[in-house]
Protein chains: 2
Amino acid sequence: MSKRSVYKRKIIKHFYFGRSYSSTELSLLLNKSIPFTTGVLGEMVEDGVIEEIGYADSRGGRRPQMYGLKADLLNIVAVSIDQINTNIAMFDLHNEMVHPKKNIEFKLSNTDYNDLVQITNHIENYIENTGIDPDKILGIGISMPGFVDVNKGVNHTFLKSAHGSIVDYIEDRIGLPVLIDNDSSLIALSELRFGAARDKMNVMVLNLSWGVGLGMILKGEIFRGSNGYAGEFSHIPLFDNNKLCQCGKSGCLETETSLLVLVQKAIEQIEEGKLSLIKDISESDLETAVNKIMNAAKRGDRVAINLLSDIGYTIGRGVAILIHLLNPEMIILSGRGAEAGRLWVAPIQQALNEHCIPKISEGIKLEISNLGYEAGLIGAAALVMEKYDSLSKFEKRIKVVQK
Amino acid sequence: MSKRSVYKRKIIKHFYFGRSYSSTELSLLLNKSIPFTTGVLGEMVEDGVIEEIGYADSRGGRRPQMYGLKADLLNIVAVSIDQINTNIAMFDLHNEMVHPKKNIEFKLSNTDYNDLVQITNHIENYIENTGIDPDKILGIGISMPGFVDVNKGVNHTFLKSAHGSIVDYIEDRIGLPVLIDNDSSLIALSELRFGAARDKMNVMVLNLSWGVGLGMILKGEIFRGSNGYAGEFSHIPLFDNNKLCQCGKSGCLETETSLLVLVQKAIEQIEEGKLSLIKDISESDLETAVNKIMNAAKRGDRVAINLLSDIGYTIGRGVAILIHLLNPEMIILSGRGAEAGRLWVAPIQQALNEHCIPKISEGIKLEISNLGYEAGLIGAAALVMEKYDSLSKFEKRIKVVQK
DNA sequence: TAAAACTTCTTAAAATTATAAAAAAGATTC
DNA sequence: GAATCTTTTTTATAATTTTAAGAAGTTTTA
């Protein structure tokens, strides 16, 4: 691969994450001279990869020519899998969804090989339905919970097939580059590239869901640890409570903060006869139960608010640990539970005030994501572009960037 | 600064940390072509910066010419400050101590400006006593406990002078580049460059001392967080014990693991009448008390061993948190308490077995440092070289590397 | 034991990339 | 409103760095 084409890939990546740049700005980002950058940009315009998108405002001199990616040059398939739902969507290079996302209800089992076959079928069908030429698809990004070994393309928790790598299987069947990563890390990636963590160096992104996931941004990059297992926030041993966690240990943070615990405690309190707006909930339909509790809290129900506060405070104690160990500049509440995030800010902040050395916690921003429910899908698409300039599997894909 | 001289600095840094390289190896490390690297190396030999040190064994072809730094080209002053002792030493480029280290008993107060003056005097005298020409000194590296803001050169815990930056003060007085960093981070740095963490990517280095410090190696580099406060392991809120910590909060890990707690518990148990080899200890002379307990443990005293085990187990619980969050490949026990480290390996390992998800803790190595007592000084010297290729304050110092 | 294979080192030509100066376009100032 | 200052872009020239090919040593293999 020629050096020039390496720079072209980097330029495409910058444009994807940053929208538009002038020649001068890019030369700074690439650490190359302006004449060189201008030359490369010229070639890319000729090849139809990027286009001139007008002039930016002057900052005291000649107005800079701005460049941007041609949105329809390439597409990216994003797949977001969780325990009960799988979503598939197609994005263009401006990060717009170009085909309606498809939601599949799909209970993820731990070991069934058939699950993998099913999901691959769905992806295959979805791509066909979009009518987009596979030659115009850069790759497929997949977000899923569990212990994901990024390099081997294996998930040690879900879709464990005897047939080895998930990535290899899907690549073989569909013939496109496939990348997988853990859902919390990808939510952090979307916050880093498109959300509140943009241009930040050290940020902790909490993925509020059935458990509390953690995506870490350290030194301006997603941190994954030596095997990709970093961020197991749910399972830090924080309590002497003898409550068994689904991971097999006891005392995990999750044993006091999961939404399951929330529902259990709510049922307990209602049975004790406390007055509450919460009605008719049971452990057998958690999703509905959680929604009812959340809604009650939003309407000011004391019981619901107190329950959420307790959990928030406990999460906050965990966050205090993160702050002491990693000294981040920002905490972001993201994931599907972030909508109710506002309810949690106060108790978390309270826990931070009580458990942090002031010097280390002062100035830390506690923010709620505005990427919302889509963060997982955006992260899956971003994963593909994130690796575009470094993985060899992209080398032969897009002709225009090969010289 | 010319580009070529940037590469020369990088080469010097590589040699300092790696001893000797061939032209081919260096060209790989620098990402430059072999002819270019050979050319630069030739110039550096001519300038007397490096020398040819013979041929390495062949690996199936012509034997490579090896190069190494001239040890006496430059010297580095290392200063290691802790709460009761300050050590100063002079190193050469082969990391050998070229002048006997000087130990100064010196109780570090929190705010006394005079402390800073005193320490600077000592450094000044020490350099004079070595008889080494200041023009042959690259810089001064300082290791100290507390909240160190590396960029501002300020310590928010010790030597807080109204006169601003510690670094600026010493640089003004001595006229040499000065760098400071937190002791635990520097111990981690010496492990990374010269110890068990060499070539490792993600390692947690515990600095066993009066508290338990933590130096983190993430992605092959020391991690310091956004303000340099990362690694406050001692003060993670882990207990509901209502014991007040010196940091002002309660429930910190330190409230159950500090050597002070060790002594208090020992006294308690002896007063209760337990049979033990430990005799005549009191809280007024902690250093002696700790030594007596350690020695008793080494001779097999049950009381001492149990006390250390309890503390080790508690530290292990903290380490389990580190493992879940950061997924390191290795844990190193270092610092002055590492000698007794062997006594702690078993209880720490025990805690890891009980509190870690097997998938994430399997394969993690738990090692005892072999850098020993000197780790702090070595780290302080290494700090200077670590920053040599990136800080402008070194630009004008060494003439031979300026072209 | 000689040929093959392989690694290192050297050289000169080729390609890449940067520098510097000037031109273009717009903002600011007096 | 002309002169001056800025920033961006272009161009030509200069410097840097790589490529490619071959020479020089060593080990491996036949």
Side-chain angles (χ1 to χ4, degrees), chain A residues 1-15 18-47 49-68 389 395 400-403, chain B residues 1-12 14-15 18-47 49-68 389 395 401-403:
Chain A
M1 195 166 51
S2 86
K3 262 194 150 181
R4 209 173 180 84
S5 96
V6 173
Y7 285 116
K8 287 185 182 171
R9 273 150 216 268
K10 286 192 180 171
I11 288 174
I12 290 179
K13 188 170 157 181
H14 277 300
F15 277 130
R19 280 285 186 279
S20 71
Y21 290 108
S22 73
S23 180
T24 312
E25 286 169 329
L26 265 176
S27 94
L28 239 57
L29 288 170
L30 297 175
N31 264 312
K32 296 273 107 184
S33 73
I34 293 174
F36 174 77
T37 312
T38 314
V40 173
L41 285 175
E43 270 179 38
M44 292 174 80
V45 170
E46 235 170 59
D47 291 340
V49 178
I50 60 174
E51 55 192 350
E52 303 183 337
I53 54 172
Y55 297 92
D57 284 347
S58 160
R59 280 167 287 179
R62 181 169 170 172
R63 296 167 62 190
Q65 174 65 258
M66 300 305 280
Y67 299 85
D389 61 340
E395 261 179 39
V400 279
V401 200
Q402 264 169 50
K403 58 180 175 185
Chain B
M1 192 166 54
S2 87
K3 261 195 153 179
R4 207 173 181 86
S5 97
V6 173
Y7 285 115
K8 287 185 181 172
R9 273 150 216 266
K10 286 192 179 170
I11 289 172
I12 290 178
H14 277 300
F15 277 130
R19 279 285 186 278
S20 72
Y21 290 108
S22 72
S23 180
T24 311
E25 287 169 329
L26 265 176
S27 93
L28 240 56
L29 288 170
L30 297 174
N31 265 313
K32 296 270 109 184
S33 73
I34 293 174
F36 173 79
T37 312
T38 315
V40 173
L41 285 174
E43 270 179 36
M44 291 175 80
V45 170
E46 235 171 57
D47 292 340
V49 178
I50 60 174
E51 55 193 351
E52 303 181 338
I53 55 172
Y55 296 91
D57 285 347
S58 160
R59 281 166 287 178
R62 182 169 169 171
R63 295 169 62 192
Q65 175 65 260
M66 301 303 282
Y67 299 85
D389 63 338
E395 262 179 40
V401 201
Q402 265 169 48
K403 58 179 174 185

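Computed from a predicted structure; not experimentally measured. The figures here come from the full heavy-atom set of this structure, side chains too, leaving out hydrogens, waters and symmetry mates. Chain naming here is simple, since letters A, B, ... match the order of the sequence lines and numbering starts at 1 in each.
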Inset, instruction - Name the nucleic acid region contacted by A:S33, choosing base, sugar-phosphate or nothing; use a 4.0 angstrom heavy-atom cut-off, strictly under. - result: base
Legend entry - Contact check, side chains of B:Y21 and B:I11, non-hydrogen atoms, under 4.5 Å: no
Inset, instruction - For B:S58, report the nucleic acid contact type (base, sugar-phosphate, nothing); a contact means any heavy atom under 4.0 Å. - result: sugar-phosphate
Legend entry - A:T38 side-chain proximity, nearest of D:dT10, D:dT19, D:dT17: D:dT10
Legend entry - Test item: B:E43 and B:K8 side chains (from C-beta on) under 4.5 Å apart, heavy atoms: yes
Inset, instruction - Could you state the atom-to-atom distance from OH of B:Y7 to P of D:dT16 in whole Å? - result: 13 Å
Legend entry - Integer-rounded Å distance: D:dT26 P and B:Q65 CD: 12 Å
Inset, instruction - Using whole Å, report how far CG of B:L28 lies from P of C:dT7. - result: 13 Å
Inset, instruction - Select base, sugar-phosphate, or nothing to describe what A:S22 touches, counting heavy atoms under 4.0 Å on all strands. - result: nothing
Inset, instruction - To the nearest Å, give me how far apart CZ (B:R4) and P (C:dA18) are. - result: 16 Å
Inset, instruction - Answer yes or no: is there a side-chain heavy-atom contact under 4.5 Å between A:L29 and A:K10? - result: no
Legend entry - Nucleotide of D:dT19, D:dT17, C:dC9 approaching B:F36 most closely (side-chain heavy atoms): D:dT17
Legend entry - From C:dT8, D:dT9, D:dT26, nucleotide with atom closest to B:R63 side chain: D:dT26
Legend entry - Rounded distance in Å - CG (A:D57) to P (D:dT6): 20 Å
Inset, instruction - Please check if atom NZ in A:K13 has more than 12 non-hydrogen atoms from other residues, nucleotides or ligands closer than 6.0 Å. - result: yes
Legend entry - Pairwise 5' ranking along DNA chain C for A:R62 and B:Y55, keeping only the more 5' one: B:Y55
Inset, instruction - Kindly indicate whether the side chain of B:F36, heavy atoms from C-beta on, has any atom under 4.5 Å from the side chain of B:R4. - result: yes
Legend entry - Between C1' of C:dT10 and CD1 of B:I34, the distance in whole Å: 11 Å
Legend entry - Between C1' of C:dT8 and CD of B:E25, the distance in whole Å: 12 Å
Inset, instruction - Nearest-nucleotide wise, let me know which of B:G61 and B:Y67 is further upstream toward the 5' end of DNA chain C. - result: B:G61
Legend entry - Between C1' of D:dA15 and NZ of A:K32, the distance in whole Å: 14 Å
